[in-house]
Amino acid sequence: QVQLVESGGDSVQPGGSMRLSCAASGFSLDYYAIGWFRQAPGKEREAVSCINNNGDSTYYTDSVKGRFTISRENAKNTVYLQMHSLKPEDTAVYYCTADKYTYATGQAMCLSLELGAHSDYWGQGTQVTVSS
């Protein structure tokens with residue numbers, strides 16, 4: 001079955017850390033650009049971080065710069081989002097997406113998808129809750 005599966009979502013206190021995983025099955029992530037998006041209740045889906053197809057360009061939305069890190073481990077067919085110094089405003093359902101379209105930069109992927117561009121695969125989402 002071809003799919004992306006996110007995991008690692010949890011409830012943490014402000015200032016805590018969490019690592020989200022996005023595992024692909026049925027296809028290889030090797031040549032895909034990968035993005036993490038999130039959607040909070042009552043809000044539009046927003047791009048959090050993207051990494052381009054060959055992994056040499058990453059993008060972070062301003063609110064997570066310096067706190068989140070996207071990485072890919074092709075040997076495990078998995079992409080990660082390491083999150084530190086979590087804030088209540090990070091609370092959302094987090095989704096990963098994979099697209100075989102060639103993006104020169106991570107920013108290009110994130111901005112294109114925010115504008116409604118197609119992406120090949122989306123995961124089902126994982127809930128992240130930051131609350132005291």
Side-chain angles (χ1 to χ4, degrees):
Q1 186 176 3
V2 178
Q3 61 180 355
L4 290 174
V5 179
E6 302 96 336
S7 61
D10 203 348
S11 295
V12 295
Q13 293 187 340
S17 296
M18 192 182 301
R19 188 177 78 163
L20 304 182
S21 300
C22 172
S25 60
F27 70 104
S28 172
L29 286 174
D30 284 8
Y31 302 106
Y32 282 74
I34 310 295
W36 284 97
F37 286 70
R38 67 186 179 187
Q39 188 165 20
K43 295 189 176 182
E44 296 287 319
R45 186 183 67 189
E46 65 168 343
V48 177
S49 179
C50 293
I51 186 166
N52 68 341
N53 307 66
N54 61 18
D56 66 357
S57 173
T58 58
Y59 167 82
Y60 301 93
T61 193
D62 286 346
S63 62
V64 308
K65 282 180 182 176
R67 300 189 297 121
F68 290 12
T69 302
I70 189 171
S71 61
R72 56 194 306 161
E73 189 170 1
N74 288 347
K76 292 188 176 181
N77 216 22
T78 300
V79 176
Y80 304 100
L81 185 68
Q82 179 69 55
M83 306 184 292
H84 295 295
S85 303
L86 283 161
K87 304 176 180 181
E89 51 264 42
D90 295 318
T91 296
V93 178
Y94 283 68
Y95 301 89
C96 66
T97 182
D99 194 8
K100 204 167 187 179
Y101 180 84
T102 301
Y103 287 97
T105 65
Q107 182 179 29
M109 181 190 191
C110 271
L111 295 184
S112 293
L113 266 59
E114 277 200 325
L115 290 173
H118 165 79
S119 187
D120 291 333
Y121 303 107
W122 287 89
Q124 82 291 347
T126 186
Q127 176 70 47
V128 172
T129 302
V130 185
S131 174
S132 54

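We number each residue from 1, following the sequence as shown.
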Rounded to the nearest 0.5 Å, what separates atom [atom1] in [X] from atom [atom2] in [Y]?
| X | Y | atom1 | atom2 | result |
| --- | --- | --- | --- | --- |
| Thr91 | Leu86 | OG1 | CG | 8.5 Å |
| Ser49 | Trp36 | OG | CH2 | 10.0 Å |
| Arg38 | Asp90 | CZ | CG | 5.0 Å |
| Gln1 | Ser25 | CD | OG | 6.5 Å |
| Thr105 | Tyr59 | OG1 | OH | 10.0 Å |
| Lys100 | Tyr121 | NZ | OH | 8.5 Å |

Quick check against the 3.5 Å criterion: does [X] have a side-chain atom that pairs as donor or acceptor with the backbone of [Y]?
| X | Y | answer |
| --- | --- | --- |
| Arg19 | Gln82 | no |
| Glu46 | Gln39 | no |
| Ser85 | Gly15 | no |
| Thr126 | Gly9 | yes |
| Thr61 | Val48 | no |
| Asn53 | Tyr31 | yes |
| Asn52 | Ser57 | yes |
| Arg72 | Asn77 | no |
| Thr78 | Lys76 | yes |
| Tyr60 | Ile70 | yes |

Search all heavy atoms of [X] against all heavy atoms of [Y] and return the closest pair with its distance.
| X | Y | value |
| --- | --- | --- |
| Gln124 | Val5 | OE1-CA, 3.7 Å |
| Tyr103 | Ser112 | CE2-OG, 3.7 Å |
| Ser119 | Met109 | OG-CE, 4.4 Å |
| His84 | Ser17 | ND1-OG, 2.7 Å |
| Gly35 | Cys50 | CA-SG, 3.7 Å |

When you compare the side chain of [Y] with that of [X], does any pair of heavy atoms fall below 4.5 Å?
| X | Y | value |
| --- | --- | --- |
| Pro88 | Pro14 | yes |
| Tyr80 | Leu20 | no |
| Phe27 | Gln3 | no |
| Glu6 | Leu4 | no |
| Asp10 | Gln127 | no |

Under 4.5 Å between side-chain heavy atoms, hopping through other hydrophobics if needed: is there a path connecting [X] to [Y]?
| X | Y | result |
| --- | --- | --- |
| Val64 | Phe37 | no |
| Val79 | Leu81 | yes |
| Leu29 | Leu113 | no |

Presence of salt bridge, Asp62 and Lys65, under 4.0 angstrom:
yes
Answer yes or no: are there more than 12 heavy-atom neighbours, outside Glu44 itself, under 6.0 Å from its atom CD?
no
Taking the six-membered ring for Trp, are Tyr32 and Tyr101 ring centroids under 6.0 Å apart?
no
Classify the ring geometry between Trp122 and Tyr95 as parallel (under 30°), tilted (30 to 60°) or perpendicular (over 60°).
perpendicular
